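Taking it in order: structure first as structure tokens, then the write-up.
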Amino acid sequence: MEMQEANQRSEVSPNQTIYINNLNEKVKLDELKKSLTAVFSQFGKILEVLAFKTLKHKGQAWVVFDNSASASTAIAKMNDFPFYDKNMRIQFAKTKSDVVSKADGRFVPREKRKRHEEKGGKKKKDQHHDSTQTGMAINSAYVGLYGAAPPLSQVPYLGGAKPNLPEAPAPPNNILFVQNLPHETAPMMLQNMFSQYLGFKEVRMIETKPGIAFVEFADEMQSTVAMQGLQGYKIQQNQMLITYAKK
DNA sequence: AGCACA
């Protein structure tokens, strides 16, 4: 048969880690990881988020889920999604993540399979560029993220006029925060979309802040279902970005 | 553009 070369061109076999590139390189690592966690935790439990600032790895990140179905859904829903003014490109990662191998019991220390990082001479590189403790199996990724770093204090993030992201993940909430709406979006339109989900209570918009809305549900299970159903939904040119509102 | 495990 000759149908076996179809899916091995630039494709990688499905697995529980997604590889993201075309990320905005101006965003600081710590914030980037938090925002990725905020956006991707709706697809399932996240074991780890990795990003590096070296030349070879800027603008890229790995998000490790605890199962590959979550990773598939994340790719389907979020590939090409606008994030810090650039569209994320998402694929399955090429190789298995260490956290996963460790859980498997198949982890082989890095020095064994590859030795890089040992060029002669001692270069003094910063050996702890804020990799927030996203290490262990966090039941909710934001716990580790929040626990580590003090709540910001640094400038927003881009000089731009249209923030389209929270600076940190919010825990599940019955109230949703909707961003990236066309400025002329009417509350009624959102109500029509969200009221098809069980538990819908109301839509709130603020005239002085166009482009965003708060949508309240009776409980967070119900708000989560609506979020998953409508995430990335396109209104005219804009893809809605839905996260949990901050408490 | 660039697939790692700080």
Side-chain angles (χ1 to χ4, degrees), chain A residues 7-37 39-41 43-68 70-76 78-139 141-150 154:
Chain A
N7 52 3
Q8 60 182 21
R9 188 106 300 195
S10 59
E11 293 301 320
V12 180
S13 57
N15 66 84
Q16 61 191 270
T17 302
I18 56 174
Y19 166 74
I20 308 169
N21 67 358
N22 198 43
L23 291 167
N24 190 323
E25 300 178 11
K26 287 178 282 190
V27 182
K28 292 183 303 302
L29 285 190
D30 184 52
E31 176 179 345
L32 180 70
K33 291 186 189 178
K34 287 178 182 174
S35 296
L36 287 170
T37 303
V39 168
F40 284 103
S41 50
F43 301 110
K45 178 147 115 181
I46 293 174
L47 301 184
E48 190 173 32
V49 175
L50 293 162
F52 311 91
K53 67 175 178 207
T54 55
L55 348 308
K56 190 159 177 244
H57 302 292
K58 286 198 292 187
Q60 299 153 75
W62 289 259
V63 175
V64 188
F65 289 97
D66 80 337
N67 72 87
S68 58
S70 295
S72 304
T73 312
I75 292 173
M78 303 303 282
N79 186 34
D80 214 37
F81 196 89
F83 188 76
Y84 290 107
D85 296 325
K86 300 190 66 172
N87 290 9
M88 292 190 276
R89 297 289 141 69
I90 318 178
Q91 305 154 56
F92 288 108
K94 281 182 183 161
T95 59
K96 201 200 258 185
S97 300
D98 284 358
V99 258
V100 177
S101 304
K102 282 171 182 162
D104 276 346
R106 296 190 150 75
F107 178 68
V108 180
R110 201 153 308 283
E111 300 74 31
K112 288 271 167 86
R113 39 185 175 181
K114 229 179 216 179
R115 22 66 163 287
H116 68 125
E117 194 73 31
E118 277 143 67
K119 313 298 175 72
K122 36 163 65 181
K123 306 177 74 174
K124 182 188 165 172
K125 347 189 292 191
D126 52 343
Q127 33 210 89
H128 50 262
H129 49 117
D130 60 19
S131 37
T132 13
Q133 319 297 67
T134 44
M136 67 259 47
I138 17 187
N139 38 16
Y142 54 82
V143 169
L145 290 166
Y146 269 144
Q154 290 155 320

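Chain naming here is simple, since letters A, B, ... match the order of the sequence lines and numbering starts at 1 in each. Computed from heavy atoms alone, side chains included, the values below leave out hydrogens, waters and symmetry copies. Quick caveat: nothing in here was measured; it's all calculated off a predicted structure.
- For the pair A/Asp80 (side chain) and A/Asn87 (backbone), a donor-acceptor distance under 3.5 Å is absent.
- Separating the CG atom of A/Leu23 from the P atom of B/dA1 is a distance of 14 Å, rounded to the nearest angstrom.
- In terms of phosphate contacts, A/Lys94 brings a side-chain nitrogen or oxygen within less than 4.0 Å of OP1 or OP2 of B/dC3.
- Residue A/Thr17 places no side-chain atom within donor-acceptor reach of the base of B/dA4, judged by atom type and a 3.5 Å distance cut-off alone.
- As rounded to whole Å, 5 Å separates atom C1' of B/dC3 from atom CH2 of A/Trp62.
- In the model, A/Lys86 has no side-chain atom that pairs as donor or acceptor with a side-chain atom of A/Asn24 under 3.5 Å.
- For A/Asp98 and B/dC3, the CG to C1' distance is 13 Å, given to the nearest whole Å.
- Atom-to-atom distance recorded for A/Asp98:CG and A/Leu47:CG is 12.5 Å, nearest 0.5 angstrom.
- Nucleotide B/dA6 holds its C1' atom 12 Å from the NE2 atom of A/His57, rounded to whole Å.
- Look at A/Phe52 and the base of B/dA6; the rings do not stack under the cut-offs of 5.5 Å between centres and 30° between planes.
- Distance from the side chain of A/Gln91 is smallest for B/dC3 among the nucleotides B/dA4, B/dC3, B/dG2.
- Remark: A/Asn15 CG to A/Asn67 CG distance equals 11.0 Å, nearest 0.5 Å.
- Spacing between atom CD1 of A/Ile90 and atom C1' of B/dC3 amounts to 15 Å, rounded to whole angstrom units.
- Remark: P of B/dC5 and CZ of A/Arg110 are 5 Å apart, rounded to the nearest angstrom.
- Among the nucleotides B/dC5, B/dA6, B/dG2, the one closest to any side-chain atom of A/Ser97 is B/dC5.
- A sub-4.0 Å separation between OP1 or OP2 of B/dA4 and a side-chain N or O of A/Lys56 is present.
- Rounded to an integer number of Å, the gap from A/Ile20 CD1 to B/dA1 C1' is 16 Å.
- Listed candidates were B/dA6, B/dG2, B/dC3. Nearest to the side chain of A/Lys58 is B/dG2.
- A perpendicular orientation is assigned to the rings of A/Phe43 and A/Phe65, their planes being inclined by more than 60° (bins at 30° and 60°).
- The CG-C1' distance, from A/Asn22 to B/dA1, rounds to 10 Å in whole Å.
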